[in-house]
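Letters go in sequence order (proteins before strands), and every chain restarts at 1. Keep in mind that this is a model prediction, so the values were computed, not measured.
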Amino acid sequence: MTFGKGSHLHLIDGSSYIFRAYHALPPLTRKSDGLPIGAVAGFCNMLWSELQADHGDDAPTHLACVFDFSSQTFRNDLYAEYKANRPEMPEDLRVQLPLVREATRAFNVPSLELENYEADDIIATLTRRAVKAGGRVTIISSDKDLMQLVGNGVEMFDAMKNRRIGVEDVIKKFGVPPEKVVDVQALAGDSVDNIPGAPGIGIKTAALLINEFGDLESLLARAAEIPQPKRRQTLIEHADQIRLSRQLVLLDDSVDLPWTLDELELRRPDPDVLLDFLTRMEFRSLTRRVAQALGVEAPVTPETPSKAAPPESGAPQPPAEPDQPKFDPGSYECVRDMERLQAWIDEIRDLGRVAIDTETTSLDEMRAELVGLSLCTAPGRACYVPLSHRAGGDDLFSADEPVAGQLDRDTVLQALRPVLEDDAILKIGQNVKYDWKILARHGIRMAPIDDTMLLSYAMHSGLHGHGMDTLSERYLGHAPIKIKELLGGGKSVITFDRVPIDKATRYAAEDADITWRLWQLFKPQLHVARVTTVYETMERPLVPVLAEMEMTGIRVDANALSRLSNMFSQKMAALEAEIHEIAGGPFNVGSPKQLGEILFDRMGVEGGTRGKTGAYGTGADVLEDIAANPELGPAAELAARVLDWRQLSKLKSTYTDALQAHIDPDTGRVHTSYVIAGANTGRLASTDPNLQNIPVRSEEGRRIREAFVAGPGMRLVSLDYSQIELRVLAHVADIPQLKQAFRDGIDIHAMTASEVFGVPIEGMDPMIRRQAKAINFGVIYGISAFGLARNLRIPRAEAQAFIDRYFERFPGIRAYMDQTVEFARKHGYVQTLFGRKIHTPEINAKGPRAGFAQRAAINAPIQGAAADIIRRAMIRMPEAIADLPARMLLQVHDELLFEVEERAVDALIERARKVMENAPLPAVKLDVPLVVDAGQGANWAEAH
DNA sequence: TGCGTCACG
DNA sequence: GACGTACGTGACGCAC
């Protein structure tokens, strides 16, 4: 039906529904996992009542629910302080917002929200259109800001008080008819929304004035006529502020909306979708009521026994709840026929979740072959499905034959596929990225997923590692079977497919069992530790993104590496000969111990210092000092050559040689693995091989980057954040000069030099700038005079003088550092802008460890926030570039590397840059702009 | 296995 | 006054 005369649009103000629901109900949590769910429950009840209500003549023909996209809107550009004094949304409400939107869709009600606009603007625009088309509108809200829309066939409805609000009610409240409400609001201001208005004038006075002068502009124009001196002066003095206030309260009714009125026609909910959602939320009585009203049978909500012990925020939990069954390897089932498999599948479907673990022949996901998989549906209730076990190595005749009594791999995967891909069934893993990749190689994209490793990482970063063994021992009081017991050690290691099935069953099913129990323990603690948002926005969604990147890999030119390797070998041989010549005999140049003895004992160089093993230190800094001292004669020569030799040796062993071995013969590409829960600060780590430390600083090293190439017809594109950590520092420490410099696009190191050393930025001595740059880095690292002195090779007193002057110029930095350490001492953790928590257990230690802990505490929120930002960008990237012939390949802390068809290079840069620059939004609005530099080329050296 | 060294941000 | 220090990683070779 086309919207027009006789149509009646109902618009639900979703945000006010949510707040009502949240505050009206006690803090309910979902029984099975402790997810906060009260606002969702209240919202669903209210929405269902609205749908069921007998509206009589006012029954809707069209319906939509409207939400605020974020707290950032165009009004913040008009007035930065707009709604600035609103208290932050409670964590346990924020995590429910996505669920409320899901609920709206489940009820088959259009869910409308638009970036940069408030829900009220969308409501205003739809209302104007509906009236213009000849229809009527009911706005379900009691928000006074919407009262300006009332009249002309538009009413409001306060659902809580079950009361209609018409023109009379608006006049009663504001003293003026709806069309003049904004004029009154502009004068009266609003402390809740932080709208200034005219000081000293409230609604009463405002209404009086507007009624007398007709409207706001006339009032301001004739303000001089007002008899009361104080009132007159206020209006004249604050005219601009009053006009701004009017702009802020005036709803934008001409928003460019991507929806038409016709699309909002009332629809019946789909019983399957709605009941599925309500069941998952575990709303028993509402599920029953809805099922009854829709005339279908109510699904059974499974009773889940889980009730986690009351956790303390972030602290390690006491092991094993007493009412959990003990670990019993004998209790695990080995699934050998399809009937039993089907029984497990049915159970998983009923339950809606499963812990899963895959067993393979290798830790390298690109090469690993699936050997079997284990499933778990309750503590102690787990099974193992062997798929391709082979006979042990003793019997040479049958060694490669599959062992009897195993189901066919592909048959099992096809049977499990609907479960693994069902978005109503949660798949729980420990380091689930590994299993995700194994299954992806069989064409299965597992979703949705939860990961106990990442749950632990979000809650316990800095306290301990997040591997299964650590977590099991710490939180379940149970030491898992060691993989070494199955596979052996040394040169007699076997692959998992050679492990006897009975042993494999005990091991594999136990892993799934442990994963289940950890999940049951961790999941409810997440919101208590106030890291649900961290987990949901920066950990869990990263899993498939990284998995795809890793599987894509990057093309590496093996021949180029091989040529480099030979070249390095020759140069090293020549250097080695010279080194032996100077030393007066052959020795192992690669041995720091032998080198130290030659330099400091045989050649008599003074000032050698021994480390804890008794060997002389021969690090690059030591050798550089010797090489730069011509008085030492041959020793200086020797040190210089060893430095060159070392550089080549490093490049050859770690890069040109090792990297070739990492090229996958199937893809011709190198596939790294990212460790999500490796670095305490939120950074990723890259292993096997590490592609985050490919050389770039030296000329020789950059040759290695040239071997990272784009495929035929493709280009590599690199985008990196410029100075992201200093920008984060400028924001969190709130340093006016730094923020202004970034806004003005000034060279930040030159600016620092200018402030600290009092020299003009124009024509600055590069050495001065270099010193300032070192200070800037030092600040991020938790500066010390000793460290700065060593870095700059200057006396410690001089370094101390630099630092003193720096803090004099930027007192906010010192304050930030002190506050951060103080916070860590008090709470035992520090926090990033995005809520990531990093624990600092050593912060109250005595001795040198305290210094370490303090510097780490100062650094963590800065490094961590930068890590959060790029994580957010990465998670949004796949969707943002989905229509481009481009793929994201690598992340190097502040850089993303893409491979893209030549014709789409510019489009990709534009798209990816936007995602990266806006990555903090809507959670955080930085006071400084983020700048992303881009480059492109046939290889990584050119692109960078 | 621990240490020293050095590649990266 | 002495302690010792820049932050975060991973991989390699040597020496035990």
Query raised in the report: Is there a donor-acceptor pair under 3.5 Å between the side chain of A:Thr672 and the backbone N or O of A:Asp688?
Result: no

**Report entry** Nearest-angstrom distance, P atom, B:dG4 to C:dT5
**Finding:** 11 Å

Requested in this report: Just compare C:dG4, C:dC14, C:dC7 and give me whichever is closest to any side-chain atom of A:Asn588.
Outcome: C:dC14

Query raised in the report: Looking for any heavy atom pair under 4.0 Å, which part of the strands does A:Leu788 touch: base, sugar-phosphate only, or nothing?
Result: base

Query - Value in whole Å for how far the C1' atom of B:dC6 lies from CG of A:Asn693 - result: 9 Å

Report task. Give one of base, sugar-phosphate or nothing for A:Phe852, where a contact means two heavy atoms less than 4.0 Å apart. Result -> sugar-phosphate

Report task. Just call it for A:Gln647: base, sugar-phosphate, or nothing, with non-hydrogen atoms closer than 4.0 Å on any strand. Result -> sugar-phosphate

Query raised in the report: Hey, does A:Thr618 reach any base, or is it just sugar-phosphate, or nothing, if we go heavy atoms under 4.0 Å?
Result: sugar-phosphate

Query raised in the report: Reckon A:Asn690 touches a base, only the sugar-phosphate, or nothing at all at heavy-atom distances under 4.0 Å?
Result: sugar-phosphate

Query raised in the report: How close or far is atom P of C:dT5 from atom CG of A:Asn859, stated in whole angstroms?
Result: 18 Å

Requested in this report: May I ask you to say what A:Gln594 touches in the nucleic acid, namely base, sugar-phosphate or nothing, with a heavy-atom cut-off under 4.0 Å?
Outcome: sugar-phosphate

**Report entry** Spatial distance of atom CZ (A:Arg887) from atom CE (A:Met551) [nearest 0.5 Å]
**Finding:** 10.5 Å

**Report entry** Span that lies between the P atom of B:dC6 and that of C:dA6, in whole angstrom
**Finding:** 15 Å

Query raised in the report: Out of C:dG10, C:dC12, C:dT9, which has the shortest distance to the side chain of A:Ser653?
Result: C:dC12

Report summary line: Here the distance between atom C1' of C:dA6 and atom CD1 of A:Ile794, to the nearest Å, is 13 Å

Query raised in the report: Does A:Arg790 put a side-chain nitrogen or oxygen below 4.0 Å from OP1 or OP2 of C:dA6?
Result: yes

Requested in this report: Look at A:Arg697 and B:dG9 and indicate whether a side-chain polar atom (N or O) is within less than 4.0 Å of OP1 or OP2.
Outcome: yes

Query raised in the report: Considering only C:dG10, C:dG4, C:dT9, which nucleotide approaches the side chain of A:Thr687 most closely?
Result: C:dG10

Query raised in the report: To the side chain of A:Lys593, which of B:dT5, C:dA11, C:dC16 is closest?
Result: C:dC16

Query - Ring centers of A:Phe802, A:Phe757 separated by less than 6.0 Å - result: yes

Report task. For the pair A:His839 (side chain) and A:Met459 (backbone), establish whether a donor and an acceptor sit closer than 3.5 Å, ignoring hydrogens and angles. Result -> yes

Report task. Would you verify whether the NZ or CZ of A:Lys652 falls within 45 degrees of the ring axis of A:Phe568 while also being under 6.0 Å from that six-membered ring's centre? Result -> no

Requested in this report: Could you say whether A:Ser784 or A:His893 is positioned toward the 5' end of DNA chain C, judged by the nucleotide with the nearest heavy atom to each?
Outcome: A:Ser784

Query raised in the report: So does A:Arg855 reach the base of C:dG8 with its side chain, donor to acceptor, closer than 3.5 Å?
Result: no

Report summary line: In whole angstroms, the gap separating C1' of C:dA6 from OH of A:Tyr781 amounts to 8 Å

Query raised in the report: Does the distance from a Lys or Arg side-chain N to an Asp or Glu carboxylate O, for A:Arg805 and A:Glu808, drop under 4.0 Å?
Result: no

Report task. Please tell me which of the listed nucleotides, B:dC3, C:dT9, B:dA7, lies nearest to the side chain of A:Thr613? Result -> B:dC3

Query raised in the report: Among the nucleotides B:dA7, C:dC14, C:dA6, which one has an atom lying closest to any side-chain atom of A:Ala774?
Result: C:dA6

Report summary line: Winner on side-chain proximity to A:Ala856, out of B:dG4, B:dG9, C:dC7, is C:dC7

Report task. Please tell me which of the listed nucleotides, C:dA11, C:dC12, B:dC3, lies nearest to the side chain of A:Ala658? Result -> C:dC12

Report task. Would you classify A:Arg646 as touching base, sugar-phosphate or nothing, given that sugar-phosphate means primed atoms plus P, OP1 and OP2, and contacts are heavy atoms under 4.0 Å? Result -> sugar-phosphate

Query raised in the report: Within the structure shown, what part of the strands sits under 4.0 Å from A:Ala620 by heavy-atom distance: base, sugar-phosphate, or nothing?
Result: sugar-phosphate

Query raised in the report: Nearest to the side chain of A:Thr681, which nucleotide is it out of C:dA11, C:dC12, C:dG8?
Result: C:dG8

Report summary line: Separation of C:dT5 atom C1' from A:Ile858 atom CD1, nearest Å, is 12 Å

Query - Separation of C:dG4 C1' from A:Arg849 CZ (nearest whole Å) - result: 14 Å

Query raised in the report: Think A:Arg814 forms a cation-pi with A:Tyr816, using NZ or CZ under 6.0 Å from the six-ring centre and within 45 degrees of its axis?
Result: no

Query raised in the report: Heavy atoms under 4.0 Å, any strand shown: does A:Gly778 hit a base, just sugar-phosphate, or nothing?
Result: base

Query raised in the report: Closer than 4.0 Å, any side-chain N/O of A:Ser698 to the OP1 or OP2 of B:dA7?
Result: no

Query raised in the report: When all nucleic acid strands are considered with a 4.0 Å heavy-atom cut-off, which category describes A:Leu684: base, sugar-phosphate, or nothing?
Result: nothing

Query raised in the report: Reckon A:Gly701 touches a base, only the sugar-phosphate, or nothing at all at heavy-atom distances under 4.0 Å?
Result: nothing

Report summary line: Regarding the side chain of A:Pro695, the nearest nucleotide among C:dG10, B:dA7, C:dA11 is B:dA7

Query - Separation of atom CD in A:Gln800 from atom P in C:dA6, rounded to whole Å - result: 16 Å

Query - side chain to side chain donor-acceptor pair (under 3.5 Å) assessment of A:Asn693 paired with A:Tyr655 - result: CA-CA 10 Å; A:Asn693 70 346; A:Tyr655 300 105; 3.2 Å; yes

Requested in this report: Indicate, with a heavy-atom threshold strictly under 4.0 Å, whether A:Gly619 touches base, sugar-phosphate, or nothing.
Outcome: sugar-phosphate

Query raised in the report: Atom CD of A:Glu699 to atom C1' of B:dA7: distance rounded to whole Å?
Result: 16 Å

Query raised in the report: Does DNA chain C take part in any stems of at least 3 consecutive Watson-Crick or G-U pairs (both distances under 3.5 Å), and if so, which ones?
Result: B:1-9 with C:7-15

Requested in this report: Please list, chain by chain and in numerical order, all residues satisfying salt bridge (charged side-chain N to carboxylate O under 4.0 Å, His left out) with A:Glu798, sequence neighbours excluded.
Outcome: none

Query - Chi angles and distances behind the side chain to side chain donor-acceptor pair (under 3.5 Å) call for A:Asn566, A:Gln570 - result: CA-CA 6 Å; A:Asn566 289 334; A:Gln570 286 176 23; over 6 Å; no

